[in-house]
Peer 1: 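Have a look at the structure that comes next, please.
Just so you know, these numbers use all the heavy atoms, side chains as well, and skip hydrogens, waters and symmetry mates. Every chain is numbered from 1, with letters handed out A, B, ... down the list of sequences.
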Amino acid sequence: IIGGNDAAEHTIPWQALINVGSSRGGGMIIADRWILTAAHVVVLNGQVQTPEALFVYLGVTDVHQIIENLSLNVTAVHVHSEYNNPNNLNFDHDIALIKLKDPITFQAAIMPLCLPSEDDTYDTGMMGMVSGFGITDKGNQRRFLTNKLKYVHVPVVEQKKCSISLKGKPSSRTPRLTNNMFCAGTPEGGKDSCNGDSGSGFTLQSENGRFWAAGIVSWGLGCGQKGTYGFYTKVANYVDWINKIMREN
Amino acid sequence: CVPLLDSGQIHSPQCPQLYPVNLQKQWEISVPDGFQINLTFTHVDIKSSITVLHDEKVLGKFCGNENSADGRHPGYQPILSPGSRLTLKIQLSDYNPDRNQNVGFSAQYQAIDIDECSAPEPEDGSGPLCSQICLNTLGSYLCACHHGYELRSDERTCILSCVGGVFDELEGHLMSPGYPNPSPDALSCQYIISVESGFTVSLNFSDKFHIESVDTEEGPNCLYHWLEVIIPDRNPMKLCGGTSPGLINTNSNIVKLGYNIDNQGQSNGWSLEYSTHRVTCPVPGEVAKGRVTPSLTEYFYRDYIFVRCDEGYKLMMNGAEIMGFSTMCQSNGEWHLPLPECHIIDCGEPDPLLNGGVNFLSGFQNQYLSVVQYHCNEPFYSPYGGNNVSLTCEADRQWRSNHDVILRPACLPVCGRPMKQIENHFQR
């Protein structure tokens, strides 16, 4: 997270830390046995990782805590069937669900995030909050890997501006923008998600004050640079898919 | 002559075809000793005649058929032989073979037990079959003697002997030897009534009671003739005189009677019916919060009672819970087990509720009908609608809600609502 703050305990209780191999990612609790994350977090080199290869931790705000926390048992990984990203340039349908063996025991540090409801909207400029254990900064250009859970508030950007921000970049090396995505951030940069935050939630607050999962940290050109934005999977497009997978499994 | 079974049929050759000309034939029917033969003609159509005999004695002679005006038809009444043999004989008569139209006869026979005991005394003056008791059996009879006598080797007459008679039936009839005739001299008889423990014996003397006594100032004295009644744990009683003792409840399952007569004087004897009834146990007391069944006014040996507790109460015996209780009235008049108690049940501590809490609304120590209420802490909520769920301790020791769907209270998190807000950074 670039330009953010440490998250105190219990403030982002849906945050999951996911280790796959040597890489670090995030996810969010949406039900007592289900973690929502990005497909590219659980697909490495075109291979969907086995449940045994995933280490999932909940209720932590410092990575050191995983030393005394056991990983949860994962029983299944469901990647969206249309996700196909062999060359890391196609993040369309970048969404996946992880099924846990045992139901989560909810408590102050471990709480679910709401899924989008029908009357939730993505209003341009609305401040969202993105969190994760990814790379951070220290207020200067230099990057660090943090062990603290961080968060930053960034606004939703108009879809057209997201597209414009990618103009002029060589398409052979720039991921495609689709309507299954949206972007967020500020033109001046400095506030963004970054590597290691993938799969974490970009949340908005509905009128009754509840946080809902608007996006999944997916991709971006660099992190927090001027004129660039973070791109997020638009969760509202996948509510039926999410419910279908949970219902059928 | 073929030995026949104890029932069957018999008929002339070729019956109901015409029987052969010049037929002269004889049939012998024999059944085991002790049986008579009951013969019934089912059809007679004979020109000559048929004779029924027992030891050469003619029992009947018949001819013609049921429609002939001058014949002697036997009809359908049975002919009973006096003994175990019977002969049927067809006689030739002035018979004209050219005109033979007769078909002969058919009959059925059945062996019937002879009731020797009800037969009149034999005419040879030998007296009745049995001098005292005659018992008819199939094909025979047995003789027996009253108590006080034994059957002689002739299997018919009885000799005085009355020692060691044991009566173990639950009721019975005793009498002095030869009763109602006077008792023989120099008699020493012993009767023992011994029934299963748990039953007590009552003696009911008949009114006709006479044992010679010697009258003294203190009343009749049983010096030379007496009937002594011996009941365990009680002083023996000696009875004599002319007044019947009537009913004596012994409260014992063993009673000995000793009847002694010396070789002088005369006693006309006595008789009694003894009966038994089961020992009684005391009416069980009340069990608080429980019921004793069956609820009777009297309880007898081998009766069972059961105790069930009211709903919400459990059976306790010696500080331990028992699943069921029954006890039996014993032969000593005491109940086999003491009555249990009924204690109120409890449901144990209500389960803690994660992300919620429980408090008591009413009742005591989680006991039956206590009510507890669960609530969920913000931002958790109860999936059963409303935030408070009440459970009552039911009789099956489960905390139950009156909403049957609620098996275990639960608190589910409200999504998207952290319990702690991110602090506001004030700098702008």
Peer 1: Tell me the closest heavy-atom pair linking B/Lys420 and A/Ala8, and the distance in Å.
Peer 2: NZ-CB, 3.8 Å

Peer 1: Mark yes when over 12 heavy atoms from residues, nucleotides or ligands other than A/Asn179 sit less than 6.0 Å from its CG; otherwise mark no.
Peer 2: no

Peer 1: Looking at A/Lys99, I'd like to know if its NZ atom is crowded, meaning that more than 12 non-hydrogen atoms belonging to other residues, nucleotides or ligands lie closer than 6.0 Å.
Peer 2: yes

Peer 1: Counting only heavy atoms not in B/Arg234, do more than 12 sit closer than 6.0 Å to its CZ atom?
Peer 2: yes

Peer 1: For B/Ile422 and A/Tyr151: C-alpha separation, side-chain torsions, deciding distance, then whether side chain to side chain contact (heavy atoms under 4.5 Å, CB included) applies.
Peer 2: CA-CA 10 Å; B/Ile422 288 177; A/Tyr151 71 91; 2.9 Å; yes

Peer 1: Going from CD1 on A/Ile29 to SG on B/Cys415, what distance comes out if it is rounded to the nearest 0.5 angstrom?
Peer 2: 12.0 Å

Peer 1: Only pairs of heavy atoms separated by less than 4.5 Å count here; which of B/Pro379, B/Pro413, B/Cys411 has the most with chain A?
Peer 2: B/Pro413

Peer 1: How far apart are the closest heavy atoms of A/Trp14 and B/Pro418, and which atoms are they?
Peer 2: CZ3-CG, 3.6 Å

Peer 1: Verify the neighbour count for atom CZ of B/Arg397: are there more than 12 heavy atoms of other residues, nucleotides or ligands below 6.0 Å?
Peer 2: yes

Peer 1: With a 4.5 angstrom heavy-atom cut-off, could you sort out which part of A/Met129 is near chain B: side chain, backbone, both or neither?
Peer 2: side chain

Peer 1: Taking atom CD of A/Glu118 as the centre, report whether more than 12 heavy atoms of other residues, nucleotides or ligands fall under 6.0 Å from it.
Peer 2: no

Peer 1: So, taking the atom named CZ in B/Arg417 and the one named CE in A/Met111, what distance separates them when rounded to the nearest 0.5 Å?
Peer 2: 9.5 Å

Peer 1: Non-hydrogen contacts under 4.5 angstrom with chain A: give the residues of residues 312-341 of chain B involved, or none if there are none.
Peer 2: none

Peer 1: Would you find more than 12 non-hydrogen atoms of other residues, nucleotides or ligands less than 6.0 Å from B/Glu169 atom CD?
Peer 2: no

Peer 1: Does any part of the side chain of A/Gln107, heavy atoms only, come nearer than 4.5 Å to the side chain of B/Leu354, both counted from C-beta?
Peer 2: no

Peer 1: Is the number of heavy atoms from other residues, nucleotides or ligands under 6.0 Å of B/Phe360 CZ greater than 12?
Peer 2: yes

Peer 1: For B/Glu196, is the CD atom crowded, meaning more than 12 foreign heavy atoms sit under 6.0 Å from it?
Peer 2: yes

Peer 1: Which residues in residues 204-214 of chain A have a heavy atom less than 4.5 Å from any heavy atom of chain B?
Peer 2: A/Asn208, A/Gly209, A/Arg210, A/Phe211

